[in-house]
*Asks:* 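My questions all concern the structure below.
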Amino acid sequence: MNVGNLAHPAEEVAPKLLGAILTHETPEGTVSITITETEAYSGTADPASHAYRGRTPRNAVMFGPAGHLYVYRSHGLHWCANIVTGADGIASAVLIRAGRVIEGEDLARKRRGGTVESPRLARGPGNFCQALGITAEHNGTDLLTGASVTLSEGEPVPAALIRVGPRVGVSRAHDWQHRFYLAGDPTVSAYRLSPRAQPPAGA
DNA sequence: GTTTGGATCTACT
DNA sequence: GTAGATCCAAACT
């Protein structure tokens with residue numbers, strides 16, 4: 001994974017991020033997680049995107065250059081991490097929904113409370129951030145300039161294992177085929193639709 | 001200044 | 001399966 005690859009629309013970058021590795025180095029230790037599930041939030045035309053209503057102080061990072069980390073708090077409790085993609089000025093980002101811990105599992109489990117099964121350590125956006133130790137202070141971090149959080153290329157993922165599906169947990173445009181995940185991976189959650197999601201037409 | 005809604009997760013029934 | 005926890009930011013009056 002490199003800057004060139006990231007400077008494309010989120011829906012193009014999202015599948016390429018599968019198999020990539022996010023590493024967070026802290027005084028406590030290092031945790032590395034292979035990304036197994038992503039979701040694309042594509043510009044101001046996406047009703048579910050934070051950038052839908054234009055640039056605001058909170059989502060300003062999304063409008064910046066690719067390769068930065070956009071962290072925000074959801075429901076007052078959880079942190080969600082996005083990797084900003086697209087050219088500078090284009091609000092495009094990929095939400096990291098799930099991953100598999102490949103290094104520092106003990107530390108990740110400790111952050112999650114100590115009694116979490118391995119496949120669950122980084123399952124779900126909030127849990128992913130918790131396991132990796134991502135908080136608001138990492139918002140705006142440049143993943144490509146040697147900060148504590150870095151993005152690196154993992155083992156190539158067979159294209160046949162990459163699946164596309166509707167987005168989960170969003171209240172609008174949840175049927176956009178912008179969710180990408182590795183087929184059969186135990187760390188990928190089979191989440192229900194958001195309670196606020198609009199029911200399918202005709203249901 | 002006030003209100004409302006949200007890209008979630010966990011626990012309990 | 002269902003409800004609750006819990007905080008911030010954007011939009012509106």
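Every value quoted in this text rests on a predicted model; they were computed, and no experiment measured them.
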*Asks:* Quick one: closest heavy-atom pair of A:Cys80 and A:Leu95, and the distance?
*Replies:*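 Closest heavy-atom pair between A:Cys80 and A:Leu95: CB-CD1, 4.0 Å.
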*Asks:* Using the six-membered base ring of B:dA7, report whether A:Tyr41 stacks on it, requiring centroids under 5.5 Å and planes under 30° apart.
*Replies:*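 Taking the rule of under 5.5 Å and under 30°, the ring of A:Tyr41 does stack on B:dA7.
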*Asks:* Defining pairs by Watson-Crick or G-U wobble geometry with both distances under 3.5 Å, how would you list the stems of DNA chain B with at least three pairs each?
*Replies:*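 Detected stem regions: B:1-6 with C:7-12, B:8-12 with C:1-5.
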*Asks:* Holding to side chain to side chain contact (heavy atoms under 4.5 Å, CB included), I want the full list of residues that pass it with A:Glu155, two or more places apart in sequence or in another chain.
*Replies:*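 If we apply the side chain to side chain contact (heavy atoms under 4.5 Å, CB included) test to A:Glu155, skipping adjacent residues, there are no hits.
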*Asks:* Determine the sole option in A:Asn139, A:Ile134, A:Val84 for which the side-chain contact (heavy atoms from CB on, under 4.5 Å) test with A:Leu69 is passed.
*Replies:*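 Running side-chain contact (heavy atoms from CB on, under 4.5 Å) over A:Asn139, A:Ile134, A:Val84 with A:Leu69 returns exactly one hit, A:Ile134.
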*Asks:* To check you understand the geometry: which heavy-atom pair defines the closest contact between A:Leu18 and A:Glu37, and what is its length?
*Replies:*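 For A:Leu18 versus A:Glu37, the nearest heavy atoms are CD2-N, 3.6 Å.
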*Asks:* Using side chain to side chain contact (heavy atoms under 4.5 Å, CB included) as the criterion, list what pairs up with A:Ser32, not counting sequence neighbours.
*Replies:*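 Partners of A:Ser32 by the side chain to side chain contact (heavy atoms under 4.5 Å, CB included) criterion, ordered by chain and then number, come out as A:Ile21, A:Thr23, A:Thr30, A:Ile102, A:Glu103.
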*Asks:* Using the rule that two of Ile, Leu, Val, Met, Phe, Trp, Tyr join whenever any of their side-chain heavy atoms come within less than 4.5 Å, decide whether A:Val94 and A:Trp176 are in one cluster.
*Replies:*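 No; A:Trp176 is not reachable from A:Val94 via cluster members.
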*Asks:* Heavy atoms within less than 4.0 Å of DNA chain B: which residues of residues 131-140 of chain A have one? Give them sorted by number.
*Replies:*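 Residues of residues 131-140 of chain A under 4.0 Å from DNA chain B: none.
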*Asks:* Kindly give the heavy-atom pair with the smallest separation between A:Phe128 and A:Gly99, and that separation in Å.
*Replies:*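 Where A:Phe128 meets A:Gly99 most closely, the heavy atoms are CD1-N, 3.7 Å.
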*Asks:* Taking atom P of B:dG6 as reference, at what distance in whole Å does atom CD of A:Glu39 sit?
*Replies:*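 One finds 15 Å between P of B:dG6 and CD of A:Glu39, rounded.
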*Asks:* Please indicate whether A:Arg120 has more than 12 foreign heavy atoms, meaning atoms of other residues, nucleotides or ligands, lying under 6.0 Å from its CZ.
*Replies:*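 No, not enclosed.
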*Asks:* Of the residues in residues 108-120 of chain A, which ones touch DNA chain B at a heavy-atom distance under 4.0 Å?
*Replies:*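 Only A:Arg112 qualify.
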*Asks:* Quick one: closest heavy-atom pair of A:Gly124 and A:Ala98, and the distance?
*Replies:*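 Result for this residue pair: N-CB, 4.0 Å.
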*Asks:* Roughly, in whole Å, what's the span from NE2 in A:His178 to P in B:dA7?
*Replies:*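 Roughly 16 Å, once rounded to whole Å.
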*Asks:* Distance check needed: B:dT8 P versus A:Phe128 CZ, whole Å only.
*Replies:*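 Rounding to the nearest Å, CZ of A:Phe128 and P of B:dT8 are 15 Å apart.
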*Asks:* Take A:Arg58 and A:Tyr70 through the test side chain to side chain contact (heavy atoms under 4.5 Å, CB included) and record every step on the way to the result.
*Replies:* CA-CA 9 Å; A:Arg58 177 171 63 145; A:Tyr70 169 47; 3.9 Å; yes
*Asks:* Which heavy atom of A:Leu121 sits nearest to which heavy atom of A:Arg109, and what is that distance?
*Replies:*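 In this case the closest contact between A:Leu121 and A:Arg109 is CD2-CA, 3.5 Å.
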*Asks:* Start with the C-alpha gap between A:Asp185 and A:Arg100, add the side-chain angles, then the distance that decides, and say whether side chain to side chain contact (heavy atoms under 4.5 Å, CB included) holds.
*Replies:* CA-CA 9 Å; A:Asp185 195 292; A:Arg100 176 174 53 245; 2.5 Å; yes
*Asks:* What is the distance from CZ of A:Arg123 to C1' of B:dT10, rounded to the nearest Å?
*Replies:*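 Result: 12 Å.
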*Asks:* Can you give me the closest heavy-atom contact between A:Tyr52 and A:Thr44, atom names plus distance?
*Replies:*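 What the structure gives for the nearest pair is CD1-O, 3.1 Å.
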*Asks:* Set out, line by line, the N/O atom pairs under 3.5 Å between protein and nucleotides 7-10 of chain C.
*Replies:*
residue: C:dC7; atom: O4'; partner: A:Gly76; partner atom: O; Å: 3.4
residue: C:dA10; atom: OP1; partner: A:Thr56; partner atom: OG1; Å: 2.5
residue: C:dA10; atom: OP1; partner: A:Arg58; partner atom: N; Å: 3.3

